[in-house]
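All remarks here apply to the structure that follows.
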Amino acid sequence: GSRTIRTSVEPVMGNRGVVIPPPTFLHTLREVTEKSGSLLIFDEVITGFRVGPAGAQGLWGVRPDLTCLGKIIGGGFPVAAVGGRKEIMDLLAPLGPVYQAGTWSAHPIGMKAGLQTLECLVHEKVYLELEEKGRYLEQRLDRALQNIGVVQGLQRVGSMLSFHLQHPFFQRNWPERFAGLFRYLWAQGVYLPPGPYESWFFSTAHDEKGLEKMADLVSSYIETTGLLT
């Protein structure tokens, strides 16, 4: 019988730190899937609206066949969405034979909160501000890492940032080392993601004073301890 072939990928990995794809990776996936007649699916649950108004696909200029989005659609509420080419979406009920449903589908509160969120994000200045904040954090933390001899120790795209976990410096005892940094910042009123392999996110709610405090504390910890305790 026939079978459906699909390729699903996070265009920028977010649950193993920030893992940015090689320059031609996503374009190659698009070319290969088009030649084979398979579907290219982008999981933009994390990257959607964090790296740009059109997500990672807009940033890299690659259009997938389907896109999955998460709680951003509900302004943080538990709502998700899938969208894509018309001929594929027409297969979903009630137009087509593929049934799909969810407990929170089209929940009024989530839809209202999501609409308000998206109306805020359509302004170009939002992403200009996020990029400025990201560049500031990246430069400050990168300078601190370089002071202890770690070159290219960060990965960032849009409002996603993390230590470069593929870098040899972060391969040894990283969970224990991160725990020391986490506890230090927690005591100073800065809350990082609790997992050592998660991305750090910043938003429009983070003001200049808060970002400066975070950068000062993280930089001080790196340079004082060498990020080893």
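- By the salt bridge (charged side-chain N to carboxylate O under 4.0 Å, His left out) test, Arg85 pairs with Asp65, Glu87, sequence neighbours left out.
- Between Lys133 and Thr204, the shortest heavy-atom distance links the atoms NZ-O, 3.4 Å.
- A tilted orientation is assigned to the rings of Phe182 and Phe178, their planes being inclined by 30° to 60°.
- The aromatic rings of Tyr184 and Tyr221 are tilted relative to each other, their planes meeting at an angle between 30° and 60°.
- Closest non-hydrogen pair, Val51 versus Ala56, comes out as CG2-N, 3.4 Å.
- Looking at Glu34 and Arg30, a side-chain N of the basic residue comes within less than 4.0 Å of a carboxylate O on the acidic one, giving a salt bridge.
- At least one side-chain heavy atom of Glu10 sits less than 4.5 Å from a side-chain heavy atom of Ile46.
- Considering only heavy atoms from C-beta on, Leu145 comes within 4.5 Å of Ile222 through its side chain.
- A single hydrophobic cluster is not seen to contain both Leu39 and Phe42; linkage of ILVMFWY side chains at heavy-atom distances under 4.5 Å, directly or through other members, places them apart.
- Annotation: side chain of Trp200 is not in contact with side chain of Val18 (no heavy-atom distance under 4.5 Å).
- There is a path of hydrophobic side-chain contacts, each under 4.5 Å, that joins Phe163 to Phe202.
- Counted within 6.0 Å of CD on Glu132, heavy atoms from surrounding residues, nucleotides or ligands total 12 or fewer; the atom is thus considered open.
- In this structure, the side chains of Pro53 and Val122 stay at 4.5 Å or more apart for every pair of heavy atoms.
- Residue Glu208 places its CD atom among 12 or fewer non-hydrogen atoms of other residues, nucleotides or ligands, all under 6.0 Å distant.
- Hydrophobic clustering (side-chain heavy atoms under 4.5 Å, transitive across Ile, Leu, Val, Met, Phe, Trp, Tyr) groups Phe170 together with Leu192.
- Looking at Ser220, its side chain never comes within 3.5 Å of a backbone N or O of Leu217 through a donor-acceptor pair.
- Linking ILVMFWY residues whenever their side-chain heavy atoms come closer than 4.5 Å, directly or via other members, places Tyr191 and Tyr197 in the same cluster.
- Residues Val32 and Leu40 form no side-chain contact, since every pair of their non-hydrogen atoms from C-beta on lies 4.5 Å or further apart.
- Atoms CG and CE, on Asp43 and Met13 in that order, are 10.5 Å from each other to the nearest 0.5 Å.
- Summarising the geometry, atom NE2 belonging to His167 is positioned 10.0 Å from atom CD belonging to Gln155; distances are rounded to the nearest 0.5 Å.
- Proximity of a side-chain donor or acceptor of Ser36 to a complementary backbone N or O of Thr33 within less than 3.5 Å is detected.
- Within 6.0 Å of atom CZ in Arg63, 12 or fewer heavy atoms from other residues, nucleotides or ligands are found, so the atom counts as exposed in its surroundings.
- Among all heavy-atom pairs drawn from Gly48 and Leu69, the shortest one is CA-CD2, 3.9 Å.
- With respect to Lys213, the side-chain contact (heavy atoms from CB on, under 4.5 Å) criterion is satisfied by exactly one of Val190, Val218, Asp207: Val190.
- Counting heavy atoms of neighbouring residues, nucleotides and ligands inside a 6.0 Å radius, atom CD1 of Ile109 does not exceed 12 of them.
- The two atoms that bring Gly226 and Ile148 nearest to each other are O-CD1, 3.7 Å, heavy atoms only.
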Checking Tyr136 against Glu212 for the side chain to side chain contact (heavy atoms under 4.5 Å, CB included) test, could you report, in this order, the C-alpha distance in whole Å, the side-chain angles of both residues, the deciding distance, and whether it holds? CA-CA 9 Å; Tyr136 168 77; Glu212 185 176 352; 3.5 Å; yes
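- Residues Met89 and Leu95 fail the side-chain proximity criterion, which asks for heavy atoms closer than 4.5 Å.
- No donor-acceptor distance shorter than 3.5 angstrom exists from the side chain of Ser105 to the backbone of Ala101, with no hydrogens or angles considered.
- Using a 4.5 Å heavy-atom cutoff, the side chains of Leu211 and Leu137 are in contact.
- Checked for salt-bridge contact, Arg156 and Glu131 meet the test: a charged N lies under 4.0 Å from a carboxylate O.
- For the pair Pro64 and Ile41, the minimum side-chain heavy-atom distance is 4.5 Å or more.
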Trace of the side chain to side chain contact (heavy atoms under 4.5 Å, CB included) decision for Arg135 with Leu130: CA-CA 9 Å; Arg135 192 180 304 113; Leu130 286 175; over 6 Å; no
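- Gln57 and Thr67 share a donor-acceptor pair across their side chains, judged by distance under 3.5 Å alone.
- Taking the ring-ring contact (aromatic ring centres under 6.0 Å, His included) definition, one finds that Trp60 meets it with nothing, sequence neighbours left out.
- Considering all non-hydrogen atoms of both residues, Ile72 and Thr117 come closest at CD1-CG2, 3.9 Å.
- Atom CD of Gln152 has 12 or fewer neighbouring heavy atoms from other residues, nucleotides or ligands inside a 6.0 Å radius.
- Taking all atoms of both residues into account, the shortest heavy-atom contact from Phe201 to Met160 is CE2-CG, 3.6 Å.
- Shown here is Met111, whose CE atom has more than 12 heavy atoms of other residues, nucleotides or ligands within 6.0 Å.
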Please step through side chain to side chain contact (heavy atoms under 4.5 Å, CB included) for the pair Trp174 and Leu227, ending with a clear verdict. CA-CA 9 Å; Trp174 177 235; Leu227 208 58; 3.9 Å; yes
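- Under the 6.0 Å distance and 45° angle rule, Arg50 does not count as a cation-pi partner of Tyr127.
- Val126 and Leu161 fall within the same hydrophobic cluster, where Ile, Leu, Val, Met, Phe, Trp and Tyr residues are linked whenever their side-chain heavy atoms come under 4.5 Å apart, directly or through other members.
- A donor-acceptor contact closer than 3.5 angstrom links the side chains of Thr47 and Glu44.
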Quick one: do Arg177 and Leu181 satisfy side chain to side chain contact (heavy atoms under 4.5 Å, CB included)? Show the steps, please. CA-CA 7 Å; Arg177 293 159 61 197; Leu181 171 64; over 6 Å; no
